[in-house]
Peer 1: 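What follows is a structure written as structure tokens; I'll ask about it next.
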Amino acid sequence: MNTKTIIETINRNHLYPNKKLGQNFLCNDGILKRIVEVSDVNKNDNILEIGPGLGDLTAMLAEKAGRVTAVEIDAGLSAFLNEKFYNYKNIKLIHADFLKADLNDIFTKSIANLPYYCSSEILFHLAIKYKIKQIFVMLQKEMSERILSRPGTKNYGAMTVALGLHYESRTLFNIDRKSFHPQPDVSSSFIYLKRKEDNELNGQEETIFQNIVKAAFWGRRKTLKKCLMDSPHSDYKKELILNVFSKLNLDENIRGENLSIREFKEIARSISKQI
Ligand code: SAM
């Protein structure tokens, strides 16, 4: 739909966009086609879409995919979608908060224009709870920069490292604010996250990894050593931390923002061996 049709649809159905729910609808058919194309949707796909909104992307996905499950939090939009997709056999609509839902299914891909107010929580759900192999999402450009940044840069943080343990990511394209109605205050990027076959950590090491990453970025200006000793996310004894630093030959003054994912993994393994 273009902006005019979207506004008509909204008015006719009394679906006035709720800013708090991140309702910025895509009103550029070219972008919608591009999303479906770059995501390489095919009949083997069981796709999970979060926040179908007015259902334009959902309809395009359903044309190419085997199945689409779309989870929408808004009651008005859900009722509208139920009517719109009444005759579609391969679309399953779920009226729920995705963050609270328990979807008992295995999805090949997740493709979505995410609500920006909770996009990081949604991404972690997709990564940790559902272990989705391929994620194609529209995000606030700033957040995509955080996911894709390198050690030592200002955007490098807990999100970069925690998602980077599981996924290789890249930007597919950027989208102008004018492609949405209402227009958001920020620019957007469409990015791809491809799950790594193996993150090379066992269960205990992975838990430690998540804790030390949270700890390392808890005090950005503090050294890693201080963070690991003082942060509420890390309750390892001082001697253990000192031992890890000495075993791995880590610089006393190094900060979390300068460590690569590989180095975080080494620290996690070393801690795991000593507890
Ligand atoms: N897919 C549509 C499009 O591209 O035009 C709408 C995208 S809009 C950016 C985000 C959508 O996510 C809205 O429809 C909003 O109601 C929905 N939403 C917000 N929070 C949600 C949540 N926690 N669970 C499920 N849907 C949510």
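We use all heavy atoms of the structure for the numbers below, so side chains are in, but hydrogens, waters and symmetry mates are not. Everything numeric in this text was worked out from a predicted model, so none of it was measured. Whatever order the structure lists them in is the order used to number ligands and atoms, beginning at 1.
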Peer 1: Return the closest protein heavy atom for atom 19 (C) of ligand 1 as residue, atom name and distance.
Peer 2: Leu21 O, 3.2 Å
Peer 1: Would you say the side-chain atoms of Arg195 and Tyr167 include a donor-acceptor pair closer than 3.5 Å?
Peer 2: yes
Peer 1: Below 4.0 angstrom from a heavy atom of Tyr117, which ligand 1 atoms are there? Numbered from 1 as shown, please.
Peer 2: 19 (C), 20 (N), 21 (C), 23 (N)
Peer 1: Please report which non-hydrogen protein atom sits nearest to atom 26 (N) of ligand 1, along with the residue it belongs to and the distance in Å to one decimal place.
Peer 2: Ile73 N, 3.3 Å
Peer 1: Would Asn243 and Ser246 count as having a side-chain donor-acceptor pair, cut-off 3.5 Å?
Peer 2: no
Peer 1: Nearest heavy atom to atom 8 (S) of ligand 1: which of Gly22, Ala96, Gly53 does it belong to?
Peer 2: Gly22
Peer 1: At a non-hydrogen distance cut-off of under 4.0 Å, which region of Ala112 contacts ligand 1 (side chain, backbone, both, or neither)?
Peer 2: neither
Peer 1: Please write down residue, atom name and distance for the protein heavy atom closest to atom 23 (N) of ligand 1.
Peer 2: Asp97 OD1, 2.8 Å
Peer 1: Give a yes/no verdict on whether any heavy atom in Glu49 is under 4.0 Å from an atom of ligand 1.
Peer 2: yes
Peer 1: For ligand 1, which atoms, with element, lie under 4.0 Å from some heavy atom of Gln23?
Peer 2: 13 (C), 15 (C), 16 (O)
Peer 1: Name all residues meeting the side-chain contact (heavy atoms from CB on, under 4.5 Å) criterion together with Lys129; count only those two or more places apart in sequence or in a different chain, and write none if there are none.
Peer 2: Asp102, His125
Peer 1: Who's the nearest protein heavy-atom neighbour of atom 4 (O) of ligand 1, and how far?
Peer 2: Asn113 ND2, 2.8 Å
Peer 1: Run the side-chain hydrogen bond (donor to acceptor under 3.5 Å, both in side chains) check on Ser78 and Glu72 step by step: do they pass?
Peer 2: CA-CA 6 Å; Ser78 294; Glu72 174 57 60; 5.5 Å; no
Peer 1: Going by the order shown, which atoms of ligand 1 are within less than 4.0 Å of some heavy atom of Pro52?
Peer 2: 1 (N), 2 (C)
Peer 1: Heavy-atom contacts under 4.0 Å between Leu77 and ligand 1: side chain, backbone, both, or neither?
Peer 2: side chain
Peer 1: Check each heavy atom of Phe180 against ligand 1 and say whether those closer than 4.0 Å belong to the side chain, the backbone, both or neither.
Peer 2: neither
Peer 1: What protein heavy atom lies closest to atom 5 (O) of ligand 1? Include the residue and the distance to one decimal.
Peer 2: Leu26 N, 2.8 Å
Peer 1: Quick check against the 3.5 Å criterion: does Ser234 have a side-chain atom that pairs as donor or acceptor with the backbone of Ile212?
Peer 2: no
Peer 1: Using the rule side chain to side chain contact (heavy atoms under 4.5 Å, CB included), only one of Gln210, Gln204, Glu205 pairs with Ile208; which is it?
Peer 2: Gln204
Peer 1: Give the residue and atom name of whichever protein heavy atom lies nearest to atom 16 (O) of ligand 1, and the separation in Å to one decimal.
Peer 2: Glu72 OE2, 2.6 Å
Peer 1: Would Asp105 and Asn46 count as having a side-chain donor-acceptor pair, cut-off 3.5 Å?
Peer 2: yes
Peer 1: Between Lys64 and Asp45 (salt bridge meaning N to carboxylate O under 4.0 Å), is one present in this structure?
Peer 2: no
Peer 1: What do the steps show when you test Glu145 against Lys141 for salt bridge (Lys or Arg N to Asp or Glu O under 4.0 Å), and what is the final call?
Peer 2: CA-CA 6 Å; Glu145 285 164 357; Lys141 190 157 181 278; 3.2 Å; yes
Peer 1: Number the atoms of ligand 1 from 1 as they appear, then name those within less than 4.0 Å of a heavy atom of Val71, with their elements.
Peer 2: 25 (C), 26 (N)
Peer 1: Is the closest heavy atom of Asp56 to ligand 1 under 4.0 Å?
Peer 2: no
Peer 1: Would you mind checking which non-hydrogen protein atom is closest to atom 6 (C) of ligand 1, with the distance to 0.1 Å?
Peer 2: Gly51 O, 3.4 Å
Peer 1: What atoms of ligand 1 come within less than 4.0 Å of a heavy atom belonging to Leu114?
Peer 2: 9 (C)
Peer 1: Considering only heavy atoms of Phe25, which atoms of ligand 1 have at least one such atom less than 4.0 Å away?
Peer 2: 5 (O), 6 (C)
Peer 1: Going by atom types alone, do Ser188 and Tyr116 pair a side-chain donor with an acceptor below 3.5 Å?
Peer 2: yes
Peer 1: So does Gly157 get a backbone contact from the side chain of Thr160, meaning a donor-acceptor N/O pair under 3.5 Å?
Peer 2: yes
